[in-house]
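Below, chain A is the first sequence line, B the second, and so on; all start at residue 1.
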Amino acid sequence: MSYLFGGGAKQDTGAVDPVKMEMAVAELDMITDVFNRLVTSCHQKCIQPNPQSHRYAEGELLKGEAVCIDRCSAKFFEVNKVVGERMQAMGGTAQATGGFGGR
Amino acid sequence: MSYLFGGGAKQDTGAVDPVKMEMAVAELDMITDVFNRLVTSCHQKCIQPNPQSHRYAEGELLKGEAVCIDRCSAKFFEVNKVVGERMQAMGGTAQATGGFGGR
Amino acid sequence: MSYLFGGGAKQDTGAVDPVKMEMAVAELDMITDVFNRLVTSCHQKCIQPNPQSHRYAEGELLKGEAVCIDRCSAKFFEVNKVVGERMQAMGGTAQATGGFGGR
Amino acid sequence: MDFSQFNGAEQAQMTRLIEKKQMQDFMKLYSGMVERCFNACAQDFTSKALSTNEKTCVQNCTDKFLKHSERVGARFAEHNAGMSTLAREQTGC
Amino acid sequence: MDFSQFNGAEQAQMTRLIEKKQMQDFMKLYSGMVERCFNACAQDFTSKALSTNEKTCVQNCTDKFLKHSERVGARFAEHNAGMSTLAREQTGC
Amino acid sequence: MDFSQFNGAEQAQMTRLIEKKQMQDFMKLYSGMVERCFNACAQDFTSKALSTNEKTCVQNCTDKFLKHSERVGARFAEHNAGMSTLAREQTGC
């Protein structure tokens with residue numbers, strides 16, 4: 001999942017701030033949690049609409065499946081944004097901004 | 001989830017007993033695990049009986065839903081107790097007492 | 001789950017290699033993760049084929065259920081092997097060898 | 001959970017651990033709600049934008065789920081309080 | 001898992017980690033069983049008390065699940081033992 | 001994630017943590033795929049060996065799932081890149 005993480009650079013060394021590290025780890029955990037749920041949800045919506053009858057006749061992504069994945073991902077990001085806004089509106093302290101760790 | 005945890009007070013400081021801390025963390029993890037499963041189970045039973053047709057026409061809890069949640073929670077606590085007793089009867093070393101960390 | 005772990009013996013003490021420990025913990029986590037998924041999958045296939053109508057009329061494993069569990073486990077191990085081979089074939093760096101930590 | 005047998009250092013560490021766990025739980029609540037409301041509300045994949053109906057559904061789903069969690073949490077706290085009282089009466093502590 | 005290349009300190013730490021993991025696994029088994037048996041057996045929400053039928057169902061569900069886990073565990077252990085033997089034969093160790 | 005405010009020691013520790021998380025994620029991807037493809041493909045429990053059909057199904061299921069994950073990952077990365085650009089434009093950093 002190396003595509004998820006970039007990495008800036010600021011080369012002065014120093015002491016490790018444990019609180020900062022903990023926040024970063026929590027953010028990292030949330031990003032991968034959301035990513036895993038996105039993978040599962042869109043797999044259900046686009047690849048396995050009927051698990052009982054589906055026998056995986058081929059290993060390639062069909063054209064329709066690929067298009068569905070793109071739309072499904074886009075909708076998932078929108079839902080992420082709406083849920084974040086709603087939680088803030090209800091007084092939550094959500095720092096959610098519609099991105100997953102993007103600033 | 002601050003309502004889950006109280007906290008007594010005994011102010012003599014001293015060394016941290018790692019085994020005691022580990023037990024406390026394990027108990028804490030179990031309490032939140034059980035709580036999360038309770039939330040999911042009663043959401044399925046009371047809010048989303050038919051996920052396919054359910055379109056969330058309103059954001060309020062309906063009266064019937066609220067009553068269902070109370071009964072569902074009460075039944076869940078009873079199931080928790082029965083499972084704990086059964087595990088002990090079968091020779092398990094379960095310390096489960098029907099509470100979730102309550103002593 | 002004590003049956004999962006044997007344990008050789010080599011009694012010279014020494015320093016703990018953190019990388020080696022981390023690999024061992026990751027392997028341990030994967031073994032129990034696979035085991036838990038095996039338990040859930042075969043429970044679904046053999047014990048609860050129809051959760052709606054199933055009322056658990058008895059606490060014993062029926063003969064047919066026991067036979068099903070054995071076959072289900074054997075098939076699960078085969079699937080584990082095939083998935084591991086496939087991941088390697090697709091360029092994955094999977095060290096999966098069809099065993100769960102067995103060398 | 002009863003921390004009365006904990007000394008000061010242990011209570012301090014436990015408080016930090018509970019705060020950490022609350023942050024993790026909050027994030028899990030958040031991502032779980034995204035998954036749940038997405039699965040319940042996003043049905044049409046002929047378009048990549050949420051329809052007005054889908055968006056309303058997600059908003060209601062979020063509101064309702066938060067209220068649901070809150071109510072379950074209140075029942076859970078009552079139950080735990082009851083168990084602690086019972087245990088104190090039985091053990092005489 | 002094969003710990004023969006571990007030195008004493010590493011084996012000691014690994015033993016502690018395995019014990020910790022076993023406690024976590026036990027608790028997860030427990031809460032997973034509560035969820036599973038609740039979902040399978042609690043069907044009627046016109047009352048807040050478990051009916052006799054529901055209680056019997058939960059007891060049977062628990063007993064059966066524990067026996068199921070035990071049997072699966074036995075197959076799993078056999079499989080792992082078989083894999084280790086095979087690996088030893090192939091590598092000559 | 002933006003590490004530009006991290007000093008050298010913090011970046012080094014974060015890199016180790018990310019590597020550890022990637023290994024855990026890889027293993028979870030693997031075991032999740034075993035469960036998923038087993039559930040989708042293993043249907044017949046009158047035999048303990050995978051049939052040819054079942055084996056082909058598992059192979060296709062694995063291939064397809066990996067391609068699915070890859071495509072979702074690409075969309076996810078694009079989305080995050082877009083969010084970062086937006087944030088930079090809005091904050092002027």
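Separation of atoms CD (F/Gln59) and CD (C/Glu85) is listed at 8.0 Å; rounding is to 0.5 Å. Note that CZ of F/Phe45 and CD of C/Glu65 are 13.5 Å apart. Values are rounded to the nearest 0.5 Å. In this structure, the separation between CG on C/Asp29 and CD on F/Gln24 is 6.5 Å, given to the nearest 0.5 Å.
Between C/Glu78 and F/Val58, the closest side-chain pair of non-hydrogen atoms is not below 4.5 Å. Between C/Val34 and F/Val34 there is no side-chain heavy-atom pair separated by less than 4.5 Å. Counting only heavy atoms from C-beta outward, the side chains of F/Phe38 and C/Arg37 never approach each other to under 4.5 Å.
Interface remark: F/Leu50 contributes backbone and side-chain atoms alike to the contact with chain C (heavy atom separation under 4.5 Å).
Shortest non-hydrogen contact noted between C/Phe76 and F/Glu35 is CE1-CA, 4.4 Å. Heavy-atom minimum distance, F/Lys28 versus C/Asp33: CG-OD2, 4.1 Å.
Checked by atom type and distance alone, the side chain of C/Lys45 pairs as donor or acceptor with a backbone atom of F/Ala42 at under 3.5 Å.
Between chain C and the options F/Cys61, F/Cys37, F/Gly32, the largest number of non-hydrogen pairs under 4.5 Å is found for F/Gly32.
Residue pairs meeting the salt bridge (Lys or Arg N to Asp or Glu O under 4.0 Å) criterion with at least one partner in residues 42-59 of chain F, sequence neighbours excluded, are C/Lys75-F/Glu54.
Shown here are the salt bridge (charged side-chain N to carboxylate O under 4.0 Å, His left out) partners of F/Asp63, two or more places apart in sequence or in another chain: C/Arg86.
The local environment of NZ in F/Lys20 is sparse, with at most 12 non-hydrogen atoms from other residues, nucleotides or ligands closer than 6.0 Å.
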